[in-house]
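First comes the structure, then the notes that go with it.
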Amino acid sequence: MSLDQKIYEQRKDKLKQIEALGQPAYPYKYDATHFIPDVLAKYSETPAEQLENPRVEMRVAGRIMAVRLMGKAGFCHLQQGGKRLQIYVKKDAVGEKGFELFRLLDIGDHIGVRGYLFRTRTNELTVHVDEITFLAKDLLPLPEKWHGLQDVELRYRQRYVDMTMNPEVREVFVKRAKIVQSIRRYFDERNFVEVETPMMQPLAGGAAARPFVTHHNTLDMDLYLRIAPELYLKRLVVGGLERVYEINRNFRNEGISTHHNPEFTMLEFYQAYADYHDLMTLSEELLKQVALDVNGTTISMFEGREIEWGKFQRLSMREAITKYWPEEAGAKPEMAEFSDRAKVEDMVRRLQNAKVSMPYDPKEPTGRAIADMFEAVAEEHLWEPTILYDFPLAISPLSKNKRDEPEEWVERFEIYVAGMEIGNAFSELNDPEEQRRRFEQQLSERARGDEEAHQMDEDYIRALSYGMPPTGGEGIGIDRVTMLLTGSPSIRDVILFPLLRPGKHEEEEEGAEEQQ
RNA sequence: GGGCGCGUAGCUCAAUUGGCAGAGCAACUGACUCUUAAUCAGUAGGUUGAAGGUUCGAUUCCUUCCGCGCUCACCA
C-alpha cells in the first residue's frame with residue numbers, strides 16, 4: 001500500500017470515530033457569523049483589553065492549516081479567503097467530547113468554531129473556542145507546510161492544492177476577476193452592449209491562425225472553434241448595435257509558450273463612427289483605468305522592471321524600425337524607402353548580414369517583410385506602453401486603407417507592453433467590394449501555402465453590402481494584461497487550468513477505455 | 001518541432017570518483033493547558049519517472065521512451 005493510501009485509510013477511520021462522537025461526517029451547512037479576512041481586517045489593531053469588554057463572540061469556518069497540540073490544549077490556524085486566523089482550543093473550554101474531536105482533526109480538515117476573540121501572550125489575535133463543529137475531512141495529505149507545493153506541473157494539474165497552499169496564486173485570480181470587472185464597467189458606462197457570438201463557426205475567420213476542428217453529428221458538419229469573434233461582432237454593428245463588446249475565449253491551434261495558451265481570453269469591442277485615432281485614446285484611458293482599479297496605482301512591476309500605464313508612447317511601425325535599427329546593419333532607413341520594394345529587400349539583406357534573425361521569402365509581399373523587420377528589430381524594445389500604428393496593407397485584410405497613403409498602408413495599430421503584444425485595433429474596412437478583393441488576395445496567399453491566410457466569407461461581405469457605418473474595432477488579450485498587472489512571468493500563471501499533456505493517471509484510464 | 005536542463009519517501013531537498021538510499025516537514029505511538037516552522041522521545045514510510053545496456057556493483061555512466069521547465073521557431 002502506498003503512503004497516500006495508508007493515510008487515506010487512517011483518515012477514513014478517524015472520520016468514523018468523529019461520527020461516533022455524534023458529528024455528521026458530511027454536514028450540510030455552517031452558520032458562520034464572520035468571514036476570516038474581515039475579522040483580521042477589523043480587529044488586527046484592537047488591543048487585548050478592548051476585546052475583553054465586551055467580548056467579541058463569533059462563529060467562523062475554515063480549513064485547518066497548522067496544528068500545535070500540547071496535551072490538553074492546542075492552537076490551530078484556520079484558513080478562509082486566503083487568510084489565516086489562529087484558534088485556541090482548551091479542554092476546559094470545549095469539554096471532554098469536544099477535545100476528543102479536536103484530537104481527531106488533521107491538517108486540511110474543514111471545521112467551524114464558536115468562541116470569542118482574545119490576544120495570546122505573544123499578542124496574536126486568536127479565537128478562544130468553546131465549541132468545534134466538524135465540517136469536512138481532508139483524506140489526502142496536504143504538501144509540506146513551509147515550502148508548500150513547488151512542482152510547477154503539479155501546481156497546474158492540481159490547482160486546488162496549489163491555491164490552498166499558495167495564497168499568492170489566489171490573489172492573481174482575484175485580480176484577474178477585477179480586471180474583467182473593470183473592463184465591463186468601462187464599456188457598460190459608455191453604452192456598449194455585451195454580447196456572445198458563436199465559438200463554433202463554419203469558417204474560422206477574423207484573424208491569422210490555424211483553427212481547431214470539431215464535428216457536429218446530427219448536421220454531419222465540420223465546425224471550427226473560433227480564432228476570433230471579429231466578423232460576427234461587425235455583423236452586429238451592421239445590424240445596429242453601434243457599440244458592442246465581447247469578452248470570451250478564442251482557440252488557436254498553435255504552439256504553447258510562456259506567452260501562448262491554445263485557448264485564451266480576448267476582449268473585442270467595436271464602436272461605430274470612431275476611427276483608429278479614437279481607439280488609441282480609448283485604449284490609453286481604458287488600460288490606465290484598469291491598472292488603477294486593480295492595483296490602486298498606474299505602476300506595475302514585471303520581470304523586475306516598472307510599467308507605467310499612465311503614459312503611452314506612440315510610434316508608427318516605420319518609426320519603430322528606424323528607431324531601433326541596429327548599427328551593424330548600416331544607415332537607418334529613410335521613411336520613403338519603405339515604399340520601394342528594392343529598398344526594403346536591401347534593408348532585409350543588411351539585417352540578415354548583421355546577424356539579425358528574421359524570416360524572408362522573396363515571393364511574399366513587401367508589407368510582410370516590413371512587419372517581419374519590425375518584429376526582428378523593434379518589438380522586444382517596446383517595454384513602456386506603446387501604440388504602434390500604421391501597418392502594411394498586405395498583412396491587414398480587414399483594415400481600412402490609410403487615408404493619406406492608401407496604396408500600401410492601413411489604419412491599424414497594436415499595443416505593446418514589456419515587449420509583448422496585448423492589443424490590435426483598426427479603422428474597420430467597410431467597403432464590401434474592397435473587402436472581396438482583400439479576401440481574394442488572401443486566397444492567393446493561401447494557395448501559396450500560407451495556412452493562416454484568411455478565407456472568403458461571403459456572408460460577411462453580404463453583411464457589409466447592407467452598409468456598415470464607419471467603425472473602429474479592437475481586441476485586447478486579457479491573459480497578457482493580467483500577466484503584466486500581476487507580475488506573472490508565464491501565461492500559465494494567469495490561467496486556472498492551462499492545457500497540459502495528459503498525466504500518467506489519465507493515460508492509464510485512456511488505455512483502459514481503449515481495451516474495452 | 002529544435003536546443004539546454006530537471007525527474008530520489010505524500011511534500012521540500014541531500015547522497016563524495018560508480019560502493020549499505022538519507023534529512024526536515026507531513027503521518028503513527030507517547031509526554032506536554034499560551035503555541036506559532038511548538039518542543040521532547042520513539043515508530044513506520046522507497047520499483048531513485050519507465051525500459052534496456054555497460055559493470056563484481058548504477059540514484060550516479062550510456063541508449064531509447066514518458067513527463068515537466070527554460071529557450072528558439074510559429075503565434076496574440
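Chain identifiers are assigned alphabetically (A, B, ...) following the order of the sequence lines, protein sequences preceding nucleic acid strands; residue numbering begins at 1 within each chain. Reckoned from all heavy atoms, side chains included, excluding hydrogens, waters and symmetry mates.
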Side chains of [X] and [Y] in contact at under 4.5 Å (non-hydrogen atoms):
{"X": "A:Leu398", "Y": "A:Phe439", "answer": "yes"}
{"X": "A:Pro385", "Y": "A:Ile307", "answer": "yes"}
{"X": "A:His259", "Y": "A:Ser490", "answer": "no"}

Dot-bracket for RNA chain B, 5' to 3', Watson-Crick and G-U pairs with both distances under 3.5 Å, [ ] for crossing pairs, | for partner on another strand, reads (((((((..((((.....[..)))).(((((.......))))).....(((((..]....))))))))))))....
If I take atom [atom1] in residue [X] and atom [atom2] in nucleotide [N], what distance separates them, rounded to the nearest angstrom?
{"X": "A:Leu139", "N": "B:rA27", "atom1": "CG", "atom2": "C1'", "answer": "14 Å"}
{"X": "A:Lys145", "N": "B:rG10", "atom1": "NZ", "atom2": "P", "answer": "19 Å"}
{"X": "A:His147", "N": "B:rA23", "atom1": "NE2", "atom2": "C1'", "answer": "12 Å"}
{"X": "A:Arg412", "N": "B:rA76", "atom1": "CZ", "atom2": "C1'", "answer": "11 Å"}
{"X": "A:Leu154", "N": "B:rG7", "atom1": "CG", "atom2": "P", "answer": "15 Å"}
{"X": "A:Lys6", "N": "B:rU43", "atom1": "NZ", "atom2": "C1'", "answer": "11 Å"}
{"X": "A:Lys91", "N": "B:rU35", "atom1": "NZ", "atom2": "C1'", "answer": "18 Å"}
{"X": "A:Glu153", "N": "B:rC6", "atom1": "CD", "atom2": "P", "answer": "17 Å"}

From C-beta outward on [X], which listed nucleotide comes closest to its side chain: [options]?
{"X": "A:Glu124", "options": "B:rU12, B:rC68, B:rU35", "result": "B:rU35"}
{"X": "A:Ser257", "options": "B:rC25, B:rA76, B:rA73", "result": "B:rA73"}
{"X": "A:Tyr88", "options": "B:rC34, B:rA26, B:rC11", "result": "B:rC34"}
{"X": "A:Glu452", "options": "B:rC74, B:rC34, B:rA27", "result": "B:rC74"}
{"X": "A:Pro141", "options": "B:rA26, B:rA76, B:rU12", "result": "B:rA26"}

Pick the [atom1] atom in [N] and in [M], then give their distance to the nearest Å.
{"N": "B:rG53", "M": "B:rG42", "atom1": "C1'", "value": "44 Å"}
{"N": "B:rA58", "M": "B:rC20", "atom1": "P", "value": "12 Å"}
{"N": "B:rG24", "M": "B:rG1", "atom1": "C1'", "value": "42 Å"}
{"N": "B:rG57", "M": "B:rA15", "atom1": "P", "value": "25 Å"}
{"N": "B:rG52", "M": "B:rG19", "atom1": "P", "value": "23 Å"}
{"N": "B:rU54", "M": "B:rU60", "atom1": "C1'", "value": "13 Å"}
{"N": "B:rG46", "M": "B:rA9", "atom1": "C1'", "value": "6 Å"}

Using the rule for Phe, Tyr, His and the six-membered ring of Trp, do A:Phe75 and B:rA38 stack at under 5.5 Å and under 30°? no
Donor-acceptor contact present, side-chain A:Thr386 to main-chain A:Leu388, <3.5 Å: no
List for me each residue that meets salt bridge (Lys or Arg N to Asp or Glu O under 4.0 Å) alongside A:Arg210, sequence neighbours excluded, and say none if there are none. A:Glu451
Enumerate the salt bridge (charged side-chain N to carboxylate O under 4.0 Å, His left out) contacts for [range], please, sequence neighbours excluded, ordered by first and then second residue.
{"range": "residues 249-269 of chain A", "answer": "A:Arg249-A:Glu263"}
{"range": "residues 368-377 of chain A", "answer": "A:Arg368-A:Asp450"}
{"range": "residues 379-397 of chain A", "answer": "A:Asp390-A:Lys402"}

Point-to-point distance, once rounded to the nearest 0.5 Å, from OG1 of A:Thr126 to NE2 of A:His128: 10.0 Å
Between CG of A:Leu149 and CG of A:Asp151, what distance do you get to the nearest 0.5 Å? 6.5 Å
ring-ring contact (aromatic ring centres under 6.0 Å, His included) partners for [X], two or more places apart:
{"X": "A:Phe102", "result": "A:Phe99"}
{"X": "A:Tyr245", "result": "A:Phe187"}
{"X": "A:Phe173", "result": "none"}

Below 4.0 angstrom, which residues in residues 363-382 of chain A have at least one non-hydrogen atom near RNA chain B? none
Which of residues 384-394 of chain A have a heavy atom under 4.0 Å from RNA chain B? none
Using the rule given for salt bridge (charged side-chain N to carboxylate O under 4.0 Å, His left out), can you reason through A:Lys234 versus A:Glu428, listing the C-alpha separation, both sets of side-chain angles and the distance that settles it, and then say yes or no? CA-CA 9 Å; A:Lys234 280 188 278 190; A:Glu428 301 293 340; 2.6 Å; yes
Every protein N/O lying under 3.5 Å from an N/O of nucleotides 28-32 of chain B:
residue	atom	partner	partner atom	Å
B:rC28	OP1	A:Lys14	NZ	2.3
B:rC32	N3	A:Gly71	N	3.1
B:rC32	N4	A:Gly71	N	3.3

Both A:Asn123 and A:Gly477 contact RNA chain B. Which one's nearest nucleotide lies toward the 5' end? A:Asn123
Which donor-acceptor pairs under 3.5 Å do the side chains of residues 133-140 of chain A make with protein atoms, sequence neighbours left out?
residue	atom	partner	partner atom	Å
A:Lys137	NZ	A:Leu104	O	3.1
A:Lys137	NZ	A:Asp106	OD2	2.9
A:Lys137	NZ	A:Asp109	OD2	2.6
A:Asp138	OD1	A:Leu140	N	3.0

Pair of N/O donor and acceptor under 3.5 Å linking B:rU35 base with A:Gln86 side chain: yes
Return no unless some side-chain N or O of A:Arg68 is found under 4.0 Å from OP1 or OP2 of B:rA38. yes
Taking the six-membered ring for Trp, are A:Tyr232 and A:Tyr270 ring centroids under 6.0 Å apart? no
